[in-house]
Amino acid sequence: MSLTLYNTLTRQKSLFTPLEENKVSIYCCGVTVYDYCHLGHARSYIAWDTVRRYLEWRGYHVTYIQNFTDIDDKILKRAREEKSTMDAVSEKYIAAYLEDMDRLNIRRADDYPRATHTIDGIKRLIHELETKGVAYASQGDVYYSVRSKSDYGKLSGRKFEDLEAGASGRVDEEDSKKRDPFDFALWKAAKADEPFWESSWGKGRPGWHIECSAMVRDRLGDSIDIHCGGGDLTFPHHENEIAQSEAATGKQLATYWLHNGMVNVGGVKMSKSLGNFTTIRDLLDKGKIEPMAMRFFVLGAQYRKPIDFTEEAMTAATNGWHTLQDALQFGAIGAAKLGWALNGNDQDALDREAIESFTSAMDDDFNTASALAVLFELAKGINREANQLRHQGTIDADSQTLFKSWNTLKQLAAVLGLETDDKAEAAALSLNPEAIEDLIAQRSSAKAAKDFAKADQIRKDLKEQGIVLVDQPGGTTLWHHES
RNA sequence: AUCCAGGUAGCCAAGUGGUAAGGCGAUGGUCUGCAAAACCAUUCAUCAUGAGUUCGAUUCUCAUCCUGGAUUCCA
């Protein structure tokens, strides 16, 4: 089996071959920190987190770098609005970003470089481009000369004629400083009351695209394996990154370019500028959806496809996740009633067929939707046995076989970042079984005396503590933890 | 307008040159004093439209229509 992925650069799926055997370097375009993250950001970073987890599970040693853009017009605007400073605004939203992503079980990057911490690298890169004659200074600004690069447009599939068609009628205030309207800024002269850095071109700050080129080089080198980000960054951002980096180094910037599809609302892209966004913390804090259900929602479609955000979809995702969650939490029940030893290191007890199906789904450009079907197959078997155990006190399957299914499910779900809260599980299991049995006995007496009000009250009380009672034929009552 | 991606059951969503995974929902059933939950079963697809290639296409090619993204900050 071999991993194949869709490369925006070549417009087709191709075999994944890292530059260095068993090692993968990933650079992911991060957020501009001037506001809280919305579902669109969640989708993107859940997708890349899953890619990273899968590659590691596949045996690669992954280095994952993601930047924060902390110098930008919108941050400055926000700072003025909040009567704050650029730094304070950045810090606030970086902290918020990390909080949100932690809740979605998105693992922290190996490093989070920031534009403002990479000024030297940025200036050095611009100087190199100037020396090579592909960049020029103009009234305190520095521009990249797009036409100096013969393969400009190779990532987005654009030709200059296409660009001209789209640019017609648009007049940029910077145009007077540019030699060509398609040239873009590497360095911008400082405006009054804005933060700036000293440079040989005068006081100023970096343009948007250059920071990523500099940070990739600084942290990962001239060439990396995977560069990823939202599909809306393909042009001009990633196109320009390629232009700058490759002009400077003469080497290919990234072998694979991966782009995730957008989250739509009512058929239109969710975006801050349109104002049709719902923040992650709003969804999570208001109990509209659980973190893992949000993750499940995102994983329900292949990462390149657009997905629609609707109330209905949130409900469906929640219900779907609960089905998997039930099966995942069966481990605790298995330990309590079937004597399973959960030491978290059961590499041998795995369902090979399921592992293979899962791997072949994920090997095909990270097809999480298809991979989830494998999880549901496993969950189905587990939940059926769980039902037997709850209702009859026994299971049909062999305990070891069942353990194998559960163990496989647990591992594969973790590869997708779908994990249950073990602490809550443990807390629930710590309730005293004797006390529960005692209450069940009281309820049985009440039922025998036709005092159904009392019987229902006992059942209700237990329910509030997470204990569900199931009456059996013949008068016995089994109980289990709510999952 | 140009470039890119896509149009699969009530909804979401995989996939394949030989008539199509999975999830959600719905319906019925098991169980029960009544429930709830869970489990079991079942239901619905001329795979956007037209043409072409082929023994055969939903899957390949072309055209058309529709949707989204990009061309301006954007995950």
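Chain identifiers are assigned alphabetically (A, B, ...) following the order of the sequence lines, protein sequences preceding nucleic acid strands; residue numbering begins at 1 within each chain.
Taking the charged nitrogens against the carboxylate oxygens, R205(A) and E194(A) do have a contact shorter than 4.0 Å, which makes a salt bridge. Comment: E91(A) engages R114(A) in a salt bridge, judged by a side-chain N to carboxylate O separation of less than 4.0 angstrom. For K191(A) and D193(A), the salt-bridge test fails: no basic side-chain N is under 4.0 Å from an acidic carboxylate O. Under a 4.0 Å N-O distance rule, the pair E81(A)/K77(A) qualifies as a salt bridge. A salt bridge does not link D110(A) with R219(A): every distance from a Lys NZ or Arg NE/NH1/NH2 to an Asp or Glu carboxylate oxygen is 4.0 Å or more.
Within the structure, a side-chain polar atom (N or O) of K305(A) is placed less than 4.0 Å from OP1 or OP2 of A14(B). Phosphate proximity of G68(B) to N264(A): absent, as no side-chain N or O sits under 4.0 Å from OP1 or OP2. OP1 or OP2 of G15(B) lies within a sub-4.0 Å distance of a side-chain N or O belonging to N367(A). Phosphate proximity of C40(B) to R384(A): present, with a side-chain N or O under 4.0 Å from OP1 or OP2. Considering only side-chain N and O atoms, T315(A) lies nowhere under 4.0 angstrom from the phosphate OP1 or OP2 of G25(B).
Nucleotides C62(B) and A70(B) place their C1' atoms 25 Å apart, quoted to the nearest Å. Rounded to the nearest Å, the gap between the C1' atom of G6(B) and that of A41(B) is 36 Å. When the P atom is compared between G33(B) and U42(B), the two are found 29 Å apart, to the nearest whole Å. Going from the P atom of U43(B) to that of G22(B) covers 13 Å, rounded to whole Å. Nucleotides A21(B) and U30(B) place their P atoms 29 Å apart, quoted to the nearest Å. To the nearest whole angstrom, the two P atoms, one in G7(B) and one in U59(B), are 11 Å apart. Remark: the separation of the C1' atoms in U58(B) and U49(B) is 13 Å, to the nearest Å. Look at the P atom in both C24(B) and A20(B): the space between them is 22 Å, to the nearest Å.
Nucleic acid contact class of T234(A) (heavy atoms, under 4.0 Å, all strands): none. Note on N319(A): only backbone sugar-phosphate atoms sit closer than 4.0 angstrom, heavy atoms only; bases stay farther off. Nucleic acid contact class of F297(A) (heavy atoms, under 4.0 Å, all strands): none. Residue-level contact check: G40(A) touches the bases, meaning some heavy atom is under 4.0 Å from a base atom. Among the heavy atoms of the strands, none lies under 4.0 Å from H237(A). Note on E377(A): only backbone sugar-phosphate atoms sit closer than 4.0 angstrom, heavy atoms only; bases stay farther off. In this structure, A301(A) reaches the sugar-phosphate backbone alone: every heavy-atom distance under 4.0 Å involves primed, P, OP1 or OP2 atoms, never a base. Using a 4.0 Å heavy-atom distance criterion, T8(A) is classed as making no nucleic acid contact. Among the atoms of the strands shown, only primed sugar atoms or phosphate atoms (P, OP1, OP2) are found under 4.0 Å from some heavy atom of A316(A). Within the 4.0 angstrom heavy-atom criterion, only backbone atoms of the sugar-phosphate kind lie near R11(A); the bases stay farther away. Heavy atoms of D35(A) sit nowhere under 4.0 angstrom from any nucleic acid atom. Nucleic acid contact for L372(A): none, since no nucleic acid atom lies under 4.0 Å from a heavy atom of the residue. Among the protein residues, G261(A) comes within range of the nucleic acid bases, having at least one heavy atom under 4.0 Å from a base atom.
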#### Entry: Nucleotide-level pairing of RNA chain B, given in dot-bracket where Watson-Crick and G-U pairs need both distances under 3.5 Å and | marks other strands
(((((((..(((.........))).(((((.......))))).....(((((.......))))))))))))....
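Comparing H41(A) and G320(A) along RNA chain B, the residue whose closest nucleotide (by nearest heavy atom) sits nearer the 5' end is G320(A). The 5' end of RNA chain B is approached more closely, in terms of each residue's nearest nucleotide, by V374(A) than by the other of V374(A) and G381(A).
For the residue pair E211(A) and T118(A), no side-chain donor N or O sits within less than 3.5 Å of a side-chain acceptor on the partner. There is a side-chain donor-acceptor pair under 3.5 Å between N260(A) and S44(A). Between the side chains of Q329(A) and T420(A), no donor-acceptor pair is found at a separation under 3.5 Å.
Scored by the side chain to side chain contact (heavy atoms under 4.5 Å, CB included) test, D451(A) finds A446(A), A453(A), K454(A) as partners (sequence neighbours excluded). Taking Y93(A) as the reference, Y36(A) meet the ring pair (Phe, Tyr, Trp, His ring centres under 6.0 Å) condition, with sequence neighbours excluded. For H41(A), the ring pair (Phe, Tyr, Trp, His ring centres under 6.0 Å) test picks out H38(A), with sequence neighbours left out.
When the P atom of C11(B) is taken as reference, atom CZ of F309(A) falls 20 Å away, rounded to whole Å. Atom NZ of K269(A) and atom C1' of A70(B) are 9 Å apart (whole Å). Distance, Q325(A) CD to A38(B) P: 12 Å, rounded to whole Å. At whole-Å resolution of the value, CG in N260(A) and P in G6(B) are 15 Å apart. As a whole-Å value, the separation of D365(A) CG from A5(B) P is 13 Å. Look at CG on L274(A): it is 14 Å from C1' on A70(B), rounded to the nearest Å. In this structure, NE2 of H322(A) is placed 18 Å from P of A36(B), rounded to the nearest angstrom. With rounding to whole Å, L233(A) atom CG is found 22 Å from C3(B) atom P.
Set against G33(B), C39(B), G23(B), the side chain of R443(A) has G33(B) as its closest nucleotide. The side chain of M262(A) has G69(B) as its nearest neighbour among U71(B), A13(B), G69(B). The side chain of S273(A) lies closest to C73(B) when the candidates are A13(B), C39(B), C73(B). Of the candidates G33(B), C24(B), A75(B), G33(B) carries the atom nearest the R459(A) side chain, counting heavy atoms from C-beta on. The side chain of Y45(A) has A75(B) as its nearest neighbour among G22(B), A75(B), A38(B). For R390(A), counting side-chain heavy atoms from C-beta on, the closest listed nucleotide (A38(B), A75(B), C11(B)) is A38(B).
Stacking between F452(A) and the base of G33(B) is present: ring centres sit under 5.5 Å apart and the planes differ by under 30 degrees.
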Which donor-acceptor pairs under 3.5 Å do side chains of residues 368-382 of chain A form with protein atoms, sequence neighbours excluded?
from    : atom 1 : to      : atom 2 : distance (Å)
T368(A) : OG1    : L299(A) : O      : 2.8
T368(A) : OG1    : A301(A) : O      : 3.4

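Here the options are T359(A), D49(A), D363(A), the test is side chain to side chain donor-acceptor pair (under 3.5 Å), and the partner is Y54(A); only D363(A) passes.
Non-hydrogen atoms lying under 4.0 Å from RNA chain B are contributed by nothing in residues 104-115 of chain A.
Geometrically, R147(A) engages F160(A) in a cation-pi contact, judged by NZ or CZ lying under 6.0 Å from the ring centre and within 45° of the ring axis.
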